[in-house]
Amino acid sequence: MTSGPIPLPMPRVLGALGGTGPGEAARPRFATAAREALADTGQRRSLRESMAVLRGRREAATAEAADWEELREAGRAVRDRSLLSLDTHLETLEGAVTDAGGTVHWAADAAEARRIVVGLVRATGRSEVIEVRSPVTREIGLDRALAGAGVDVAETGAADLAVRLAGERPAHFLLPAVHRDPAEIRRTFLRRMPGAPSDLTDDPRELADAARAHLRRRLLSADVAVIGAAFAVAETGTLVMPEGDGGGRMCLTLPETLICVLGIEQVVPCWRDMEILLQLLPRSATGERMSPYVSTWTGVSAQDGPRDLHVVLLDNGRTAALADEVGRAALRCIGCAACLSVCPVYERTGGHAYAAGGSVLSGPIGAIWTPQTRGVRGAAEASLPFASTLCGACGDVCPVKIDIPGILVHLRGKVVQARRHRPVPPPEMAVMRALAWAMGDRRRYEPALRQGVRWARLLSRGGRIRRLPGLLGKWTEARDLPAPPRDPFRVRWRER
Amino acid sequence: MSRERVLRSVRAALGEARGTEVNVPRDYHHRLTGEEAGSRADVVALFSERVADHRATVRHVGADELATTVAAALWAREAKRIVVPDDLPYGWLAQLEGVQALADAGTVDVAVLDAVDGVVTGCAAAVARTGTVVLDGGRAQGRRALTLVPDYHLCVVHADQIVGTVPEAVARLDPYRPLTWISGPAATLDLGLRRVPGVHGPRELEVLVVED
Ligand code: SF4
């Protein structure tokens with residue numbers, strides 16, 4: 001419960017490390033954005049219910065796997081192995097993709113990635129593409145760039161479609177419409193989707209059929225597709241894509257040209273590593289034993305798959321994160337979003353609050369990813385590490401064992417350091433030092449957390465903490481927090 | 001050039017840590033353990049149970065009943081026209097009266113694939129623990145479009161193709177082939193977090209397990 005306020009005053013500046021899409025306005029910091037999200041009660045309810053469902057699914061799926069902890073440890077090691085020799089693996093990947101008939105492009109930042117993709121689409125002479133939206137294509141602001149170049153983009157995902165038709169941004173990087181219930185999606189489809197059947201109900205089955213009917217012709221006739229992928233295997237040049245609805249299969253099966261945009265950290269050393277990651281990802285992400293579809297493809301194919309394959313490898317601040325010995329563990333992330341569904345802050349504010357902070361990745365991973373890849377000079381980025389109660393649940397569920405709370409504390413320290421030149425030493429520096437010390441050791445951390453719980457319960461009225469006193473006031477400004485449970489999650493977990 | 005720039009930043013970022021070897025502890029289960037499945041029959045039973053969990057239909061047949069079961073499954077759906085890979089064993093369709101089977105050698109048009117009533121294929125491997133069939137474009141499986149565009153997929157799995165775990169499957173499969181792992185019909189959680197069929201892949205999957 002101990003946490004420093006966000007240093008004030010904070011100039012609104014754009015992140016210095018690029019990644020800003022054309023024409024994007026200055027981003028409000030987390031507290032401002034969160035307050036707006038907190039006001040939308042319908043959205044909060046849907047999100048809360050959805051997160052509870054996802055938590056339940058994940059718990060059941062991981063409890064069933066008797067070797068889950070061994071898999072997590074192996075997953076951690078595979079990802080560390082990828083990262084600590086990242087340069088070698090990237091060069092191996094480039095060689096393997098090239099040998100298999102593909103072309104590799106390198107993009108230092110989002111603008112360069114956009115330029116590359118737009119150029120590749122233009123070279124095909126087509127003005128229509130289909131796309132499986134992924135965190136990386138969103139990160140580089142690809143849709144807007146393609147639209148600007150006169151290219152018409154059709155998304156394959158029903159939720160992506162719903163979110164775009166509603167004129168919204170995704171609230172969750174795996175399940176973009178998770179904050180909207182089927183009734184709302186139905187209304188959006190009826191109002192905005194040409195050809196939606198007028199007797200459409202809010203049965204998810206009917207909604208899926210309506211989206212299918214709407215998208216089918218475009219997908220079956222597309223010549224160019226843009227997708228992300230979950231992993232790229234260096235040894236063989238194989239791209240791996242788990243999914244549910246088959247939109248990805250459409251993209252890599254029917255069009256002649258396939259453009260795949262990946263973050264450089266998504267490489268893994270060898271094919272055999274898939275035996276670990278393909279178990280960790282589906283169970284963590286959606287609580288499934290395996291995703292309905294997993295496609296893998298290596299290079300081009302005359303008969304079966306793309307005849308022209310382009311892989312765009314994107315840095316966009318990842319190497320800045322890699323340079324931090326503590327923070328680099330964030331790059332292990334396999335994008336399962338499990339940390340979101342256990343996060344009390346995410347559940348109450350939703351992904352939009354983080355998105356407004358410049359983040360595509362929201363929730364706990366967003367809070368450690370964005371400040372590292374974009375730097376903490378901007379107020380929005382600097383505020384993200386404080387968007388956490390440090391309850392520890394995220395680190396406990398992460399399938400590749402990223403110590404998210406530890407990195408958050410580390411980054412808070414960095415934010416404070418970065419503002420050290422200010423004449424009066426900010427009080428949070430002392431708080432942070434004490435906190436880092438307390439978090440450094442489990443025996444110190446848990447009593448500290450218990451203590452925090454004790455006084456936080458005293459402060460709460462009707463189960464809600466509206467404003468903490470003194471220097472912590474800033475922190476509760478946008479956090480209409482429930483009083484913490486008597487037993488912190490960590491303690492309960494160990495006592496099971 | 002950005003290639004050099006990115007690689008240079010990676011190297012600089014890693015500094016002394018660069019190239020540190022990390023040992024990957026592989027002490028997770030490589031085979032099914034006793035609780036999950038002790039014998040061969042248990043593996044097959046587990047596979048069937050897990051396929052059914054994905055809301056796919058699963059049936060066990062003896063080798064001599066395969067042709068009649070395939071025909072019965074198609075009749076039950078009132079299928080008139082189906083597509084099959086051109087190297088599908090002839091015997092599988094031997095009882096197929098009143099259903100026209102188009103043999104695809106990579107040339108059937110997408111519009112035709114979209115219009116047929118289903119597709120019948122074999123598979124390269126299957127995974128019990130996850131209820132998965134894997135296609136690799138090899139014998140009796142056809143190209144990817146064949147099992148993607150039609151709305152109904154009937155997949156024949158020989159019991160000896162079923163392995164217990166994901167590690168066993170990964171070891172058996174060739175990453176240079178076009179692999180599609182299929183665990184149930186296409187499904188989305190996008191619309192209310194209930195697994196519903198759709199949106200783009202076959203909305204129905206039927207698995208026939210052939211035991212000799
Ligand atoms: S940080 Fe861990 S739990 Fe969160 S999305 Fe990444 S892999 Fe999943």
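In what follows, chains are A, B, ... by sequence order, proteins preceding strands, each numbered from 1.
Proximity of Arg144(B) to Leu252(A): side-chain heavy atoms (C-beta onward) are separated by under 4.5 Å at one or more points. With a 4.5 Å cut-off on side-chain heavy atoms, Glu73(A) and Asp27(B) do not count as touching. Looking at Met290(A) and Val127(B), their side chains never come closer than 4.5 Å, going by heavy atoms from C-beta outward. Proximity of Asp209(A) to Arg203(B): side-chain heavy atoms (C-beta onward) are separated by under 4.5 Å at one or more points. Considering only heavy atoms from C-beta on, His105(A) stays 4.5 Å or farther from Arg3(B) through its side chain. Ser183(B) has its side chain out of reach of Glu288(A): every pair of non-hydrogen atoms, C-beta onward, lies at least 4.5 Å apart. For the pair Ile276(A)/Val24(B), a side-chain contact is recorded, criterion being any heavy-atom separation below 4.5 Å from C-beta on. Side-chain contact between Arg177(B) and Thr238(A): absent, with no pair of heavy atoms (C-beta onward) separated by less than 4.5 Å.
Looking at Ser221(A), neither its backbone nor its side chain comes within 4.5 Å of chain B, counting heavy atoms on both sides. Looking at Ala56(B), neither its backbone nor its side chain comes within 4.5 Å of chain A, counting heavy atoms on both sides. Residue contact with chain B, scored on non-hydrogen atoms closer than 4.5 Å, involves the backbone and the side chain of Leu322(A) alike. Heavy atoms closer than 4.5 Å to chain A are found in both the backbone and the side chain of Thr180(B).
Of the listed residues Gly201(B), Pro167(B), Ala17(B), the one with more heavy-atom pairs under 4.5 angstrom with chain A than any other is Pro167(B).
Atom CZ of Arg81(B) sits in a crowded spot, with more than 12 heavy atoms from other residues, nucleotides or ligands closer than 6.0 Å.
At least one donor-acceptor pair under 3.5 Å links the side chain of Thr298(A) to the backbone N or O of Pro175(B).
Residues forming a side-chain contact (heavy atoms from CB on, under 4.5 Å) with Asp67(A) (at least two apart in sequence, or on another chain): Ala65(A), Glu70(A), Leu71(A), Tyr28(B), His29(B), Arg129(B). Looking at residues two or more places apart in sequence or on another chain, you find no side chain to side chain donor-acceptor pair (under 3.5 Å) involving Glu243(A).
The residue from Asp315(A), Asp109(A), Asp87(A) that alone fulfils the side-chain contact (heavy atoms from CB on, under 4.5 Å) condition with Val6(B) is Asp315(A).
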